[in-house]
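Atoms within each ligand, like the ligands themselves, are counted from 1 in listed order. Computed over heavy atoms, backbone and side chain alike; hydrogens, waters and symmetry mates excluded.
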Amino acid sequence: MNCPQCGNPMREGFVSAGGYRILWTPKDRRFSAWPGEGDVVLQKLSLAGKTIPAHLCETCRKVILSY
Ligand SMILES: [Zn+2]
């Protein structure tokens with residue numbers, strides 16, 4: 001996959017969070033162990049084998065993932 005911002009090839013990898021939920025949240029939250037209203041749980045547990053494949057552009061500091 002190429003970066004939608006700069007067009008360069010993105011690095012393939014995974015997003016993980018040390019065993020806790022991985023959330024997308026519309027508000028900036030310091031503590032995200034429990035999902036709130038409007039949150040989207042990307043992965044219930046980010047244990048080994050439960051990671052989310054993701055593409056990364058280090059130039060633009062962008063990560064694209066599917067959940
Ligand atoms: Zn880029």
Side-chain angles (χ1 to χ4, degrees):
M1 178 181 290
N2 290 338
C3 175
Q5 188 164 320
C6 70
N8 289 326
M10 302 183 84
R11 295 180 62 191
E12 292 185 27
F14 300 89
V15 169
S16 180
Y20 291 100
R21 288 178 179 84
I22 301 173
L23 301 178
W24 176 91
T25 178
K27 296 178 181 176
D28 185 19
R29 297 169 61 183
R30 290 175 185 262
F31 184 72
S32 61
W34 302 105
E37 186 177 336
D39 290 345
V40 177
V41 178
L42 305 179
Q43 183 59 259
K44 291 179 180 175
L45 286 172
S46 58
L47 300 172
K50 292 277 189 174
T51 53
I52 303 174
H55 291 81
L56 176 141
C57 179
E58 291 181 273
T59 301
C60 301
R61 300 181 65 87
K62 302 286 184 195
V63 174
I64 295 177
L65 59 86
S66 297
Y67 68 95

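- L65 and P53 make their closest contact through CB-O, 3.5 Å (heavy atoms, listed as atom of the first residue, atom of the second, distance).
- Using a 4.5 Å cut-off on side-chain heavy atoms (C-beta onward), H55 and R11 make no contact.
- The side chain to side chain donor-acceptor pair (under 3.5 Å) search around D39 returns T25, R29, not counting sequence neighbours.
- Take the Zn ion (ligand 1) and draw a sphere of radius 2.8 Å; the protein N/O/S atoms inside it number 4.
- Taking CD1 from I52 and CG from L42, the interatomic distance works out to 4.5 Å, rounded to the nearest 0.5 Å.
- Contact detail for C3 and M10: the closest heavy-atom pair is N-CG, 3.4 Å.
- The shortest heavy-atom contact between P9 and N2 is CA-OD1, 3.3 Å.
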